[in-house]
Undergrad: 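Dumping the structure here so I can ask a few things about it.
Whatever order the structure lists them in is the order used to number ligands and atoms, beginning at 1. We're numbering straight along the sequence, starting at 1.
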Amino acid sequence: MAAFKTLDDLTDIAGKRVLVRVDLNVPVTDGKVSDTTRIERVAPTIRELSEKGAKVILLAHFGRPKGEPVADMSLSLIAPAVEEVLDQSVAFASDCIGAPAADAIEKMNNGDILLLENTRFHKGEEKNTPEFTAELAKNGDIYVNDAFSAAHRAHASTEGLAHHLPAYAGRTMQAELEALEKGLGKPSRPVVAIVGGAKVSTKIDLLTNLVKKVDALVIGGGMANTFLAANGTNVGKSLCEHDLADTAKQIMLEAATAGCAIVLPSDGVVAREFKAGADNETVDINAIPADAMVLDVGPKSVEAVNAWISRAATLVWNGPLGAFEIAPFDKATVAAARHAAECTRDGKLVSVAGGGDTVSALNHAGVADDFTYVSTAGGAFLEWMEGKELPGVAVLSRTA
Ligand SMILES: Nc1ncnc2c1ncn2[C@@H]1O[C@H](COP(=O)(O)OP(=O)(O)OP(=O)(O)O)[C@@H](O)[C@H]1O
Ligand SMILES: O=C(O)[C@H](O)COP(=O)(O)O
């Protein structure tokens with residue numbers, strides 16, 4: 001594994017301003033954080049630094065605001081949940097750079113915790129510009145990256161800062177890498193991957209390499225609709241990225257060459273509204289009404305998914321099979337999660353799942369503790385699985 005400095009190397013930090021990159025991109029329902037797993041995972045790093053007397057300054061993104069402030073992507077919405085998990089007061093600054101940040105830091109005592117506003121409210125974050133990174137760096141003496149789940153992004157707060165300040169891995173970054181290496185470094189075969197969810201455009205490219213590493217790729221959620229549409233299925237009003245049809249076709253070709261089975265849903269649960277309790281029906285995948293959307297994979301598909309889980313020695317899962325937040329469209333995800341948990345409990349399966357909503361779905365199914373390992377990372381986890389270098393991890397090693 002990559003060698004980098006950790007919190008063990010950080011001594012005498014009382015009074016030092018430590019910029020800690022965490023991932024607070026958490027699921028929110030009706031304005032409330034619905035799953036605090038990501039916050040719980042970074043809490044040990046925050047507490048440790050605070051107990052050592054550092055001024056702990058949290059940097060994070062929330063959503064994809066495209067470089068300008070968006071009210072419902074303000075981290076002020078997440079701050080109360082951070083306070084609750086830490087059981088410690090957390091101050092908030094309305095900008096991550098400039099006077100609001102500097103003034104708030106000026107007021108900090110040793111051991112205090114401050115959360116800065118969404119880094120993605122500035123275009124320089126995702127572009128990783130030297131100017132923006134330098135502005136961020138002004139606020140700290142030391143940089144700690146504890147956001148493994150955002151380490152696949154070469155952004156100012158995940159990569160750039162490590163070139164400006166002495167850089168260290170946080171406890172979660174360390175633990176995630178160790179656990180993934182242990183669970184999936186040399187996986188027992190057959191390896192089955194389940195990929196679902198909604199982030200189709202940012203994850204689809206990863207599947208090109210993934211099909212070379214696994215024996216079967218089970219596709220559900222919004223991702224499945226894109227593959228079905230590429231095969232000529234009419235997916236009605238379903239979440240689907242039609243312009244990615246060629247990419248999907250190419251992945252299916254790569255899979256055939258690599259001997260990886262592609263498993264697509266054969267039926268779906270459709271509705272005309274995206275809301276809990278919406279009128280719904282189960283239809284064959286070739287009979288999706290033009291005015292309806294698939295919000296979950298159907299019972300026949302669940303049987304097929306579970307059969308693949310039974311056959312697997314190793315399961316890798318990112319992305320729910322359906323819109324699990326709104327019942328009854330959680331059925332397939334819950335059924336597959338419970339089956340994977342049972343196989344794991346029986347000692348037949350090594351099960352590793354990752355992703356903000358995926359973790360939330362496993363918690364919803366009541367089985368997160370039964371999986372071999374649950375990562376907070378979704379995209380980063382898939383890229384790690386592909387064997388890609390993660391910029392946020394690589395820079396910690398290079399600068400160590
Ligand atoms: N058929 C579907 N139609 C619409 N949305 C869906 C469908 N299936 C799943 N989803 C949505 O996918 C979202 C989760 O997808 P996402 O790709 O963000 O997964 P994740 O586990 O959070 O990974 P990451 O950590 O990379 O974000 C959920 O909010 C769920 O409602
Ligand atoms: O939720 C995630 O996977 C991470 O926070 C990264 O978010 P992003 O896909 O918007 O970069």
Undergrad: Taking atom 25 (O) of ligand 1 as the point of reference, which of Gly221, Gly356, Gly319 owns the nearest heavy atom?
TA: Gly356

Undergrad: Could you tell me which residues satisfy salt bridge (Lys or Arg N to Asp or Glu O under 4.0 Å) with Glu254, sequence neighbours excluded, listed by chain and number?
TA: Lys212

Undergrad: What pairs of donor and acceptor atoms, side-chain ones from residues 335-343 against any protein atom, are under 3.5 angstrom apart with sequence neighbours left out?
TA:
{"residue": "Arg338", "atom": "NE", "partner": "Ala365", "partner atom": "O", "Å": "3.0"}
{"residue": "Arg338", "atom": "NH2", "partner": "Ala365", "partner atom": "O", "Å": "3.2"}
{"residue": "His339", "atom": "NE2", "partner": "Asn306", "partner atom": "O", "Å": "3.2"}
{"residue": "His339", "atom": "NE2", "partner": "Ser310", "partner atom": "OG", "Å": "2.8"}

Undergrad: Taking only heavy atoms of Asn318 into account, list the atoms of ligand 1 that are under 4.0 Å away from them.
TA: 21 (O), 23 (O)

Undergrad: What do you reckon, does Leu321 have a nitrogen or oxygen under 3.5 Å from a nitrogen or oxygen of ligand 1?
TA: no

Undergrad: Looking only at protein heavy atoms, which one is nearest to atom 5 (N) of ligand 1, and how far off is it?
TA: Leu239 CD2, 3.9 Å

Undergrad: Looking at side-chain heavy atoms only, is the closest gap between Glu325 and Ser34 below 4.5 Å?
TA: no

Undergrad: Rounded to the nearest 0.5 Å, what separates atom CZ in Arg21 from atom CD1 in Ile57?
TA: 15.0 Å

Undergrad: Roughly how far, to the nearest 0.5 Å, is CG of Asn110 from OG of Ser50?
TA: 9.5 Å

Undergrad: Quick one: are Val18 and Tyr168 in side-chain contact, heavy atoms under 4.5 Å?
TA: no

Undergrad: Atom 11 (C) of ligand 1: which protein heavy atom is closest, and how many Å away?
TA: Ala198 CB, 3.9 Å

Undergrad: Taking only heavy atoms of Asp23 into account, list the atoms of ligand 2 that are under 4.0 Å away from them.
TA: 4 (C), 5 (O)

Undergrad: Measure the shortest side-chain to side-chain distance between Met73 and Glu117 over non-hydrogen atoms and say whether it is less than 4.5 angstrom.
TA: no

Undergrad: Output yes when the distance from some N or O of ligand 2 to some N or O of Arg64 is under 3.5 Å, and no in every other case.
TA: yes

Undergrad: For atom 27 (O) of ligand 1, what is the nearest protein heavy atom, given as residue, atom name and distance?
TA: Lys199 NZ, 2.7 Å

Undergrad: Tell me, with the steps shown, if Lys203 and Glu241 meet salt bridge (Lys or Arg N to Asp or Glu O under 4.0 Å).
TA: CA-CA 12 Å; Lys203 287 184 189 164; Glu241 304 211 15; over 6 Å; no

Undergrad: May I ask you to identify, for Arg120, whether its side chain, its backbone, both or neither come under 4.0 Å of ligand 2 on a heavy-atom basis?
TA: side chain

Undergrad: Does any part of the side chain of Phe227, heavy atoms only, come nearer than 4.5 Å to the side chain of Ile204, both counted from C-beta?
TA: yes

Undergrad: Only heavy atoms of Arg153, strictly under 4.0 Å: list the atoms of ligand 2 that pass.
TA: 8 (P), 9 (O), 11 (O)

Undergrad: In ligand 2, which numbered atoms sit nearer than 4.0 Å to a non-hydrogen atom of Arg38?
TA: 1 (O), 2 (C), 3 (O), 5 (O)

Undergrad: Enumerate the atoms of ligand 1 whose separation from the nearest heavy atom of Gly379 is less than 4.0 angstrom.
TA: 26 (O)

Undergrad: Which atoms from ligand 1 have a heavy atom of Arg38 less than 4.0 Å away?
TA: 25 (O)

Undergrad: Just to confirm my output: which protein heavy-atom neighbour is closest to atom 3 (O) of ligand 2, and how far is it?
TA: Lys199 NZ, 3.5 Å

Undergrad: Any idea which protein heavy atom is nearest atom 17 (O) of ligand 1, and the distance to it?
TA: Lys203 NZ, 3.0 Å

Undergrad: Do Thr133 and Leu161 pass the side chain to side chain contact (heavy atoms under 4.5 Å, CB included) test, and can you show the C-alpha distance, the side-chain angles, and the key distance before you say yes or no?
TA: CA-CA 6 Å; Thr133 313; Leu161 272 176; 4.3 Å; yes

Undergrad: Any heavy atom of Glu126 sitting closer than 4.0 Å to ligand 2?
TA: no

Undergrad: Give me the residue, atom name and distance of the protein heavy atom closest to atom 31 (O) of ligand 1.
TA: Glu325 OE1, 2.6 Å

Undergrad: Just by distance, no angles: are the side chains of Asp35 and His364 close enough, under 3.5 Å, to form a donor-acceptor pair?
TA: no

Undergrad: With the threshold set at 4.0 Å, does a side-chain nitrogen-carboxylate oxygen contact exist between Arg17 and Asp141?
TA: yes

Undergrad: What is the closest protein heavy atom to atom 7 (C) of ligand 1, and at what distance does it sit?
TA: Gly222 N, 3.7 Å

Undergrad: Between Val316 and Lys213, is a side chain to side chain contact (heavy atoms under 4.5 Å, CB included) present by the stated rule, with each step listed?
TA: CA-CA 11 Å; Val316 179; Lys213 307 241 163 182; over 6 Å; no

Undergrad: Could you identify the single nearest non-hydrogen protein atom to atom 14 (C) of ligand 1 and state the distance to 0.1 Å?
TA: Asp357 OD2, 3.4 Å

Undergrad: So if I count the atoms of ligand 1 from 1 in the order they appear, which ones are less than 4.0 Å from some heavy atom of Pro320?
TA: 9 (C), 14 (C)

Undergrad: Any N/O of Thr358 closer than 3.5 Å to an N/O of ligand 1?
TA: yes

Undergrad: In the protein, what heavy atom is nearest to atom 3 (N) of ligand 1, and what distance, to one decimal place, separates them?
TA: Val294 O, 3.8 Å

Undergrad: Considering heavy atoms of the protein only, find what lies nearest to atom 6 (C) of ligand 2 and give residue, atom and distance to 0.1 Å.
TA: His61 NE2, 3.7 Å

Undergrad: Would you check whether Ala150 reaches within less than 4.0 Å of ligand 2, judged by its heavy atoms?
TA: no

Undergrad: For Arg272, is there an ion pair with Asp291 - N to carboxylate O distance below 4.0 angstrom?
TA: yes

